[in-house]
A.B. asks: 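Here's a structure for you.
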Amino acid sequence: MKRNITHKILDKHLLQGELLVGNSIKVAVNQTLTQDSTGTMVYLQLEALEVESIKTDLSVAYIDHNMLQTGFENADDHAFIRSVASKYGIVYSKPGNGICHQLHLERFAVPGSILIGSDSHTPTCGGLGALAIGAGGLDIAIGMACGYYYLTVPKVIKVHLKGQLRPWSSAKDVILHVLKTLTVKGGVGAVLEYAGEGVKTLSVTERATITNMGAELGATTSIFPSDENTLDFLTRQGRAADYYPLTADENATYDEELIIDLDMVEPSAALPHSPDNIKCVKEIEGRKVDQVAIGSCTNSSYTDLMKVAEMLKGKRVSPSVGLVISPGSSSVLGMLAKNGALASMISAGARLLEAGCGPCIGMGQAPKSGAVSLRTFNRNFKGRCGTDSADVYLVSPETAVASAISGVITDPRTLTDYPAFFEPEKYDLVENYWISSPASPKAMIERGPNIKEFPVGKMLRDKVSGTTLLKTHDNVTTDDIMPSGAALLPFRSNIPELSRHGFKTLVSDFRDRALKYGGGIVIGGSNYGQGSSREHAALIPLYLGVSAVIAKSFARIHKMNLINAGILPLVFENMSDYDLIAEFDELMVDDCHSGLEQGRLKILNVSTGKVIHVLFEGSPREVELLKAGGALNYVKAQMREEQHA
Ligand code: MIC
Ligand code: SF4
């Protein structure tokens, strides 16, 4: 059979199972990455697994999210992560070094390898031909401890790129176009594999912008071939030796195909409050803009920011606009400083932030009430920027700068001179933010007062019953289930404190409801749990006693996080049965164990007397994880058995 790139990589790493769409397989993991806001939990779980060493070729712990140190909490988290990194020989990236995905692309990603990361935008490294998958924290801890990862074999959608982008249209507009076509649930259960003659017209950083935002489609990941542009990128980063050519076989088979003519891609924007709410910039031109933010793991590379600097050279940011720029890495920032680009930004009136996630995750720069904020980021969920009443539009760097200068949403094609600059033959590598040393098993773990215990599930009883604590609409995000931002991110290693804020964007009293009824059940719409990989969106419900979530459908990473936590993720057999359950109804499920094994369970709505059938769509291993009360219990028991065998 003629193989696509995805199957070539999966095949090479296959440890167990058959490569058939929908099957559960076990693959070897080469690399892992964590960032700090999910990382504390990952490393607490790694400790709980009680292994002496890790089994990956490379694991990296980045500090990039929680960098506003307004209290001791974030700094405590950093110290904890750093001490665990030193114990296990995990590479530690100090705050200020940059955003995990941009750094990993620059320094470590290898074509043809498998990378898993505790962040949903891990697929960024697919721009370089790695199979890079975002996962929940426990999966990353297990990946490090055991060297493997379980996934459901995705279907592979070929995205055939024709032609070449016109000036002022950019990689961001390509992925916005894909989002318009497929929507935020169109990628669930799929890998988007890019192919066609248009591929060679895109640089690795442009490809990475596209694979990064594949996360917004709900895709397992996105991947580009590894070709001469990959070699060019790696050479400039001083690591040509990591190059490995990788393309799909001629006439390779795919499950679906999408054709995009790059010539036809226009400057676009995702309108509030969803990344798939797409319009062409020219349709929304003229709306007054209050804030423009440039950066995030989507658009903070050297080439992105050089374009920005060139466009700002000799210009003035509109007096009514606040422009903030956050570079993706210390290397990018250092080079901008050295070649004068930073000076162009500053003299135009831009505000410069340190290299990190910053405003993308609401760590500062919340816009004013009712503001229009244009951002080159990847998510515009309501309230994520820190201001509930703000309207966030996702745009390319070109559209962002054109609008920052004019003060209104502006199609960059109205500008004349397309920014020109040279890419250096060798990128400056900044070494002094990295801490890398062999494992020192006796290293003291620093555990400040912010590091609290995390909840672990209990063995599943055969009968589960509970009150419906909440019923949600479609496309609920993990930002809804467990909001982030400057006030809450400091508590990512403090589940009791965080539990006060569960589902806060939907209801103000979820915790009180859970306490009153002694836990219960949540009802969701379709694509429940889209967005971030944060397993806190499962750990908070676990902590508050939620035993099951019954939804129309689930987003991939969140479903796995629920299973890992020992919470049943069940889907309605008939979607209209969603209407048969109201908030505060009493539900009862008998014969859970055999129901899970058969994939079909019967629920009695005790309040109405109605019977509802739900499905469990998961592998036999996932049934065992649920019976054991979650992945930690299951994997630990398995490791004990192996030791005694
Ligand atoms: C995000 O972009 O939503 C985050 C913050 O990077 C999350 C991780 C987290 O919640 O810590 C993600 O994308 O997984
Ligand atoms: Fe950081 Fe934003 Fe990227 Fe998430 S999407 S990793 S918050 S820059």
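Whatever order the structure lists them in is the order used to number ligands and atoms, beginning at 1. Fair warning: this is a prediction, and the values are worked out from it, not measured in the lab.
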A.B. asks: Check this for me: does any side-chain nitrogen of one of R82 and E446 sit under 4.0 Å from a carboxylate oxygen of the other?
C.D. replies: no
A.B. asks: Is E47 salt-bridged to R447, cutoff N-O under 4.0 Å?
C.D. replies: yes
A.B. asks: So which of T205, T221, N212, T298 actually passes side chain to side chain donor-acceptor pair (under 3.5 Å) with T124?
C.D. replies: N212
A.B. asks: In terms of the angle between their ring planes, are H121 and H101 parallel, tilted or perpendicular, with boundaries placed at 30° and 60°?
C.D. replies: perpendicular
A.B. asks: Under 3.5 Å, N/O to N/O: give me all the pairs between ligand 1 and the protein, one per line with atom names and distance.
C.D. replies:
{"unit_1": "ligand 1", "atom_1": "2 (O)", "unit_2": "R379", "atom_2": "NH1", "d": "3.3"}
{"unit_1": "ligand 1", "atom_1": "2 (O)", "unit_2": "R384", "atom_2": "NH2", "d": "2.9"}
{"unit_1": "ligand 1", "atom_1": "3 (O)", "unit_2": "R379", "atom_2": "NH1", "d": "2.9"}
{"unit_1": "ligand 1", "atom_1": "3 (O)", "unit_2": "R384", "atom_2": "NH1", "d": "2.7"}
{"unit_1": "ligand 1", "atom_1": "3 (O)", "unit_2": "R384", "atom_2": "NH2", "d": "3.4"}
{"unit_1": "ligand 1", "atom_1": "3 (O)", "unit_2": "R534", "atom_2": "NH2", "d": "3.4"}
{"unit_1": "ligand 1", "atom_1": "6 (O)", "unit_2": "H65", "atom_2": "NE2", "d": "2.8"}
{"unit_1": "ligand 1", "atom_1": "6 (O)", "unit_2": "D119", "atom_2": "OD2", "d": "2.7"}
{"unit_1": "ligand 1", "atom_1": "10 (O)", "unit_2": "R492", "atom_2": "NH1", "d": "3.4"}
{"unit_1": "ligand 1", "atom_1": "10 (O)", "unit_2": "R492", "atom_2": "NH2", "d": "3.1"}
{"unit_1": "ligand 1", "atom_1": "10 (O)", "unit_2": "S532", "atom_2": "OG", "d": "2.9"}
{"unit_1": "ligand 1", "atom_1": "10 (O)", "unit_2": "R534", "atom_2": "NE", "d": "2.6"}
{"unit_1": "ligand 1", "atom_1": "10 (O)", "unit_2": "R534", "atom_2": "NH2", "d": "3.2"}
{"unit_1": "ligand 1", "atom_1": "11 (O)", "unit_2": "Q35", "atom_2": "NE2", "d": "3.1"}
{"unit_1": "ligand 1", "atom_1": "11 (O)", "unit_2": "S37", "atom_2": "OG", "d": "2.5"}
{"unit_1": "ligand 1", "atom_1": "11 (O)", "unit_2": "R492", "atom_2": "NH1", "d": "2.8"}
{"unit_1": "ligand 1", "atom_1": "13 (O)", "unit_2": "D119", "atom_2": "OD1", "d": "3.4"}
{"unit_1": "ligand 1", "atom_1": "13 (O)", "unit_2": "S120", "atom_2": "N", "d": "3.4"}
{"unit_1": "ligand 1", "atom_1": "13 (O)", "unit_2": "S120", "atom_2": "OG", "d": "2.5"}
{"unit_1": "ligand 1", "atom_1": "13 (O)", "unit_2": "R379", "atom_2": "NH1", "d": "3.0"}
{"unit_1": "ligand 1", "atom_1": "14 (O)", "unit_2": "S120", "atom_2": "N", "d": "2.8"}
{"unit_1": "ligand 1", "atom_1": "14 (O)", "unit_2": "S120", "atom_2": "OG", "d": "3.4"}
{"unit_1": "ligand 1", "atom_1": "14 (O)", "unit_2": "S532", "atom_2": "OG", "d": "3.4"}
{"unit_1": "ligand 1", "atom_1": "14 (O)", "unit_2": "S533", "atom_2": "N", "d": "2.7"}
{"unit_1": "ligand 1", "atom_1": "14 (O)", "unit_2": "S533", "atom_2": "OG", "d": "2.9"}

A.B. asks: R379 and side chain to side chain donor-acceptor pair (under 3.5 Å): which partner among S120, S274, S532, S296?
C.D. replies: S120
A.B. asks: I need the N378 CG to T209 OG1 distance, nearest 0.5 Å.
C.D. replies: 10.0 Å
A.B. asks: Ring centroid separation for F80 and Y43, is it under 6.0 angstrom?
C.D. replies: no
A.B. asks: So which of Q102, E106, R107 actually passes side chain to side chain donor-acceptor pair (under 3.5 Å) with S329?
C.D. replies: E106
A.B. asks: Count, excluding waters, the protein N, O or S atoms that are closer to atom 3 (Fe) of ligand 2 than 2.8 Å.
C.D. replies: 1
A.B. asks: When you check the gap from the basic side-chain N to the acidic O, do D388 and K382 get nearer than 4.0 Å?
C.D. replies: no
A.B. asks: Should you measure from each heavy atom of H65, which atoms of ligand 2 turn up under 4.0 Å away?
C.D. replies: 1 (Fe), 4 (Fe), 6 (S), 7 (S)
A.B. asks: Supply the atom-to-atom distance R534 CZ to T477 OG1, rounded to the nearest 0.5 angstrom.
C.D. replies: 7.5 Å
